[in-house]
2 protein chains.
Amino acid sequence: MSEIKQTSTNFSNKLALSDECPEAYASTIIGGQWTLVICSWLLGGKLRFGELKKKLPNITERMLTLQLRKLEENKIVSRTVYAEVPPRVEYELTPIGYALKSVIKELEEWGDRHKKLISE
Amino acid sequence: MSEIKQTSTNFSNKLALSDECPEAYASTIIGGQWTLVICSWLLGGKLRFGELKKKLPNITERMLTLQLRKLEENKIVSRTVYAEVPPRVEYELTPIGYALKSVIKELEEWGDRHKKLISE
DNA sequence: TTAGGTACTATACAAAATGTAAGTAATGAG
DNA sequence: CTCATTACTTACATTTTGTATAGTACCTAA
């Protein structure tokens with residue numbers, strides 16, 4: 001993050017894949033390291049920047065900002081700034097963001113199952 | 001890919017996340033650029049290395065090998081080598097690999113929906 | 001006047017993922 | 001002997017992602 005080179009092979013490969021495979025498309029959008037975790041916290045309702053930060057152990061402010069910006073660009077979260085001092089900014093899932101709920105649920109189930117299998 | 005430094009902050013962050021969030025765990029496992037596409041082709045039945053290569057436009061042999069190795073390590077695909085010349089190697093989803101079907105389905109649906117929304 | 005809280009931004013760097021180009025081994029067909 | 005076929009390796013370059021650390025702007029309260 002956050003510059004992508006629109007001339008790289010990597011870029012055009014992703015584009016081509018996203019074009020034909022909705023699942024690859026989806027995974028480039030929600031595939032970031034913190035993306036899904038952020039969304040799954042937001043499934044519980046809107047949160048402020050600082051609140052999110054507390055929920056995500058070890059995330060740096062830069063990363064949190066970048067991920068939120070990307071989510072915003074992709075219309076997965078909405079950002080509301082309150083003109084107060086000190087500032088207050090709230091993040092909330094959009095409808096398509098909330099629609100991630102079933103995706104996350106499936107991923108969680110599969111993840112749990114896989115983890116058990118591997119740890120045997 | 002494919003060396004991960006077990007001393008890096010990034011590594012321990014991923015570990016910590018994977019520990020508490022099955023969805024983050026799942027996404028580190030199936031989050032590779034080609035992973036899901038490979039799996040979704042394999043959902044249709046076993047395929048040889050060369051067949052997979054043809055299905056995946058632009059993938060290099062190196063990338064295909066790496067991804068398949070990772071999938072194998074994670075017990076998502078099984079690898080069968082036939083002692084012939086020229087060699088024949090078949091890849092097939094394991095049960096937990098087939099279990100990705102519903103994950104992929106959800107991702108596809110969400111991806112389609114999201115794509116439509118964005119392109120408006 | 002100074003310190004403090006909030007949500008950032010900037011810069012530099014480290015690590016991970018992906019890509020390119022060239023090889024290799026085995027063997028049977030010609 | 002030479003060539004084609006298949007599934008890889010290897011060495012290296014580039015791109016993408018993540019971390020560390022230090023700022024900034026704003027007002028308010030002490």
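Protein chains get the first letters and strands the later ones, always in sequence-line order, with residue 1 at the start of each.
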(message) Test of understanding: with side-chain contact (heavy atoms from CB on, under 4.5 Å), list the residues that count as partners of T80(A), not counting sequence neighbours.
(response) Y82(A)
(request) Please name all residues satisfying salt bridge (Lys or Arg N to Asp or Glu O under 4.0 Å) with R88(B), sequence neighbours left out, ordered by chain then number. (result) E84(B), E90(B)
Do any N or O atoms of the protein come closer than 3.5 Å to N or O atoms of nucleotides 21-29 of chain C, and which pairs are they?
none

(message) Just to verify, what does T60(A) make a side-chain contact (heavy atoms from CB on, under 4.5 Å) with, not counting sequence neighbours?
(response) R62(A), M63(A)
(message) Heavy atoms within less than 4.0 Å of DNA chain C: which residues of residues 46-54 of chain A have one? Give them sorted by number.
(response) R48(A), F49(A), G50(A)
Can you give me every donor-acceptor pair (side chain of residues 13-20 of chain A, partner residue at least two apart or in another chain, under 3.5 Å) with its distance?
residue, atom, partner, partner atom, Å
N13(A), OD1, N58(B), ND2, 3.4
S18(A), OG, K14(A), O, 2.8

(request) Any pair with a residue in residues 91-110 of chain A that passes ring pair (Phe, Tyr, Trp, His ring centres under 6.0 Å), sequence neighbours left out, goes on the list, sorted by first then second residue, please. (result) W110(A)-H114(A)
(message) Does a side-chain N or O of T9(B) approach OP1 or OP2 of dG18(D) to a distance below 4.0 Å, or not?
(response) no
(message) dA16(C), OP1 or OP2 - any side-chain N/O from S8(B) closer than 4.0 Å?
(response) yes
(request) Could you name each residue pair satisfying salt bridge (charged side-chain N to carboxylate O under 4.0 Å, His left out) that touches residues 102-120 of chain B, not counting sequence neighbours? (result) none
Solution key, residues 37-48 of chain A side-chain donor-acceptor pairs under 3.5 Å, sequence neighbours excluded:
residue, atom, partner, partner atom, Å
S40(A), OG, V37(A), O, 3.2
S40(A), OG, E23(B), OE2, 3.0
R48(A), NH2, P87(A), O, 3.3

(request) For T60(A) and for K5(A), locate the closest nucleotide of DNA chain D by heavy-atom distance; then report the residue assigned to the nucleotide nearer the 5' terminus. (result) K5(A)
(message) Can you list everything that forms a salt bridge (Lys or Arg N to Asp or Glu O under 4.0 Å) with K53(A)? Sequence neighbours excluded, please.
(response) E61(A)
Kindly list each side-chain donor-acceptor pair under 3.5 angstrom involving residues 29-36 of chain B, sequence neighbours excluded, with atom names and distances?
residue, atom, partner, partner atom, Å
T35(B), OG1, G32(B), N, 3.3
T35(B), OG1, Q67(B), OE1, 3.1

(message) What residues from residues 17-31 of chain A pass a heavy-atom cutoff of under 4.0 Å to DNA chain C?
(response) none
